[in-house]
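Each remark here refers to the structure printed beneath this line.
As the structure is a computational prediction, the values presented were derived from the model and not from experiment.
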Amino acid sequence: MGLGRDPPETSVREGVVDQRVELANALKAEAERLGFDAVGIAAAVSPPGHAHLRHWLERGFAAGMGYMAKHEDARRHPDSVLEGVRTVVMVAMSTHSRTQERVDPTKGKVARYARGGDYHRLLWDRLEVLREWVRCRVPEVSGRAVVDTAPLMERDFARLAGLGWIAKNTMLIGRPMGSFTVLGALLLDLELPPDAPFEANHCGTCTRCLDACPTDAFAGPYQLDASRCISYWTIEHRGAVPEVWADRLEGWVFGCDVCQEVCPWNRKAPEGQEPTFAPRAEWVDADLIAWLNWDEARWREMLRGTALKRAKAVGLMRNAALVLGTRRVATARAALARLTDHPDEGVNAAAR
């Protein structure tokens with residue numbers, strides 16, 4: 001399409017601008033055809049939330065996630081992800097479901113985004129198709145698809161692309177999708193006209209998300225202390241869970257949805273339509289005693305193609321043992337006893 005460098009002639013330059021608007025509109029239509037629930041375009045600028053990130057790190061709120069501090073400088077600008085980047089195309093997909101867990105002390109709770117297939121691969125594959133679609137029209141373009149795989153402040157760019165606002169619980173909320181969404185980005189070294197940023201914040205005076213947190217993980221609005229967060233302890237933390245948090249998981253064995261479940265914007269949000277994200281029975285009503293009895297081969301089979309593999313089998317077994325122990329589930333004693341000499345410190349400490 002000849003969209004490289006703008007020529008000096010005004011009429012020709014205006015023609016190039018028109019071509020870029022046309023390409024941007026066609027790109028968004030193609031993204032929707034590929035199954036993305038929302039798409040927007042942002043200019044590749046320094047994310048406005050970077051100073052907030054630095055302050056968050058200085059306060060120690062990253063807990064044991066050392067990679068956050070390690071990559072802090074790289075998050076100053078998306079050119080650390082793609083040299084010469086001019087445009088960030090942001091996409092979102094809904095993982096919302098209203099599946100209800102059974103009230104059963106042997107069952108555990110898994111965050112909604114992880115109850116079906118792994119979103120990382122799905123979004124990345126479709127973004128790669130979208131990248132190739134752009135390259136077919138602008139052969140000289142360079143691009144990179146990103147889904148939690150690079151130091152990019154996705155929520156900042158999603159807001160800049162008009163997809164929603166960042167709420168008091170630090171989640172992105174879009175209308176009408178709510179906050180049960182996953183994000184992906186396509187970085188391009190081609191300048192495309194950006195969408196208007198989402199400037200409004202529709203949280204108002206509501207603090208339901210902050211008030212409902214069972215571990216008081218919010219130091220204030222927009223300030224999540226990961227060292228107090230159930231999602232951190234059940235997913236990111238390796239090894240034994242300190243006793244002060246071990247009995248405060250509230251039944252969660254992978255992630256936590258409490259601050260989103262109470263959000264008014266999620267009350268009427270439509271359920272996600274992507275079949276890959278459809279909740280699987282084994283993760284909606286996770287049988288925690290069965291988890292303790294699965295061998296390595298069974299765990300490999302069950303975790304294949306899911307986001308739960310982030311916590312690894314030993315992390316999930318540890319979490320299951322802690323929840324069962326906190327609930328004093330007598331039928332779990334035999335399984336727990338077998339794990340008291342498990343080679344993983346986190347598992348054997350939890351079992352004991």
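The closest side-chain heavy-atom distance from Val138 to Leu23 is below 4.5 Å. Within the 4.5 Å cutoff, the side chain of Tyr119 has no heavy atoms near those of the Met93 side chain. For the pair Met68/Leu53, a side-chain contact is recorded, criterion being any heavy-atom separation below 4.5 Å from C-beta on. Annotation: side chain of Trp252 is in contact with side chain of Asp257 (closest heavy-atom distance under 4.5 Å). Between His52 and Gln223 there is a side-chain heavy-atom pair separated by less than 4.5 Å. Contact of the Arg115 side chain with the Phe254 side chain is not registered, since no non-hydrogen atoms from C-beta on lie closer than 4.5 Å.
The main-chain N or O of Gly64 is found under 3.5 Å from a side-chain atom of Tyr232 such that the two form a donor-acceptor pair. For the pair Arg280 (side chain) and Phe277 (backbone), a donor-acceptor distance under 3.5 Å is absent. Between the Asn266 side chain and the Ser179 main chain, a donor and an acceptor come within less than 3.5 Å of each other. Side-chain atoms of Arg112 come within 3.5 Å of backbone atoms of Ser97 as a donor-acceptor pair (strictly under, hydrogens ignored). Judged by distance alone, the side chain of Asn348 and the main-chain N or O of Asp341 form no donor-acceptor pair under 3.5 Å. Checking side-chain atoms of Ser231 against main-chain N and O of Cys256 turns up a donor-acceptor pair under 3.5 Å.
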Would you check, one step at a time, whether the test side-chain contact (heavy atoms from CB on, under 4.5 Å) holds for Leu324 with Leu292? CA-CA 10 Å; Leu324 290 166; Leu292 300 184; 3.7 Å; yes
Evaluate Glu32 against Lys28 for salt bridge (Lys or Arg N to Asp or Glu O under 4.0 Å), listing each step before the verdict. CA-CA 6 Å; Glu32 292 176 359; Lys28 286 187 278 189; over 6 Å; no
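Remark: the His342 side chain and the Asp344 side chain contain no N/O donor-acceptor pair separated by less than 3.5 Å.
Salt bridge Glu274/Arg126: present, at least one basic N to carboxylate O contact under 4.0 Å. Note on Glu199 versus Arg159: salt bridge recorded, some NZ/NE/NH1/NH2 to OD/OE distance being below 4.0 Å.
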Expected list for residues 203-219: side-chain donor-acceptor pairs under 3.5 angstrom, two or more places apart:
unit_1: Thr207; atom_1: OG1; unit_2: Asp211; atom_2: OD2; d: 2.9
unit_1: Thr215; atom_1: OG1; unit_2: Arg228; atom_2: O; d: 2.5

Output side-chain donor-acceptor pairs under 3.5 Å for residues 170-177, partner residues at least two apart or in another chain, one line each.
unit_1: Arg175; atom_1: NH1; unit_2: His202; atom_2: NE2; d: 3.1

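The environment of Glu261 atom CD is dense: over 12 non-hydrogen atoms of other residues, nucleotides or ligands sit within 6.0 angstrom. Within a 6.0 Å sphere centred on CZ of Arg333, heavy atoms belonging to other residues, nucleotides or ligands number 12 at most. By the neighbour-count criterion of 12 heavy atoms within 6.0 Å, atom CZ of Arg98 is densely surrounded, having more than that number from other residues, nucleotides or ligands. The number of heavy-atom neighbours closer than 6.0 Å to CD of Glu345, taken from other residues, nucleotides and ligands shown, is 12 or below. Residue Lys107 places its NZ atom among more than 12 non-hydrogen atoms of other residues, nucleotides or ligands, all under 6.0 Å distant. Within a 6.0 Å radius of CD in Glu132, more than 12 heavy atoms belonging to other residues, nucleotides or ligands are found.
The salt bridge (Lys or Arg N to Asp or Glu O under 4.0 Å) with Asp73 is formed by just one residue from the set Arg76, Arg75, Lys70; it is Arg76. Of the residues listed (Arg304, Arg310, Lys309), the one engaging Asp118 in a side-chain hydrogen bond (donor to acceptor under 3.5 Å, both in side chains) is Lys309, and it is the only one.
Taking the six-membered ring for Trp and thresholds of 30 and 60 degrees, Trp233 and Trp245 have nearly parallel ring planes, at less than 30 degrees apart.
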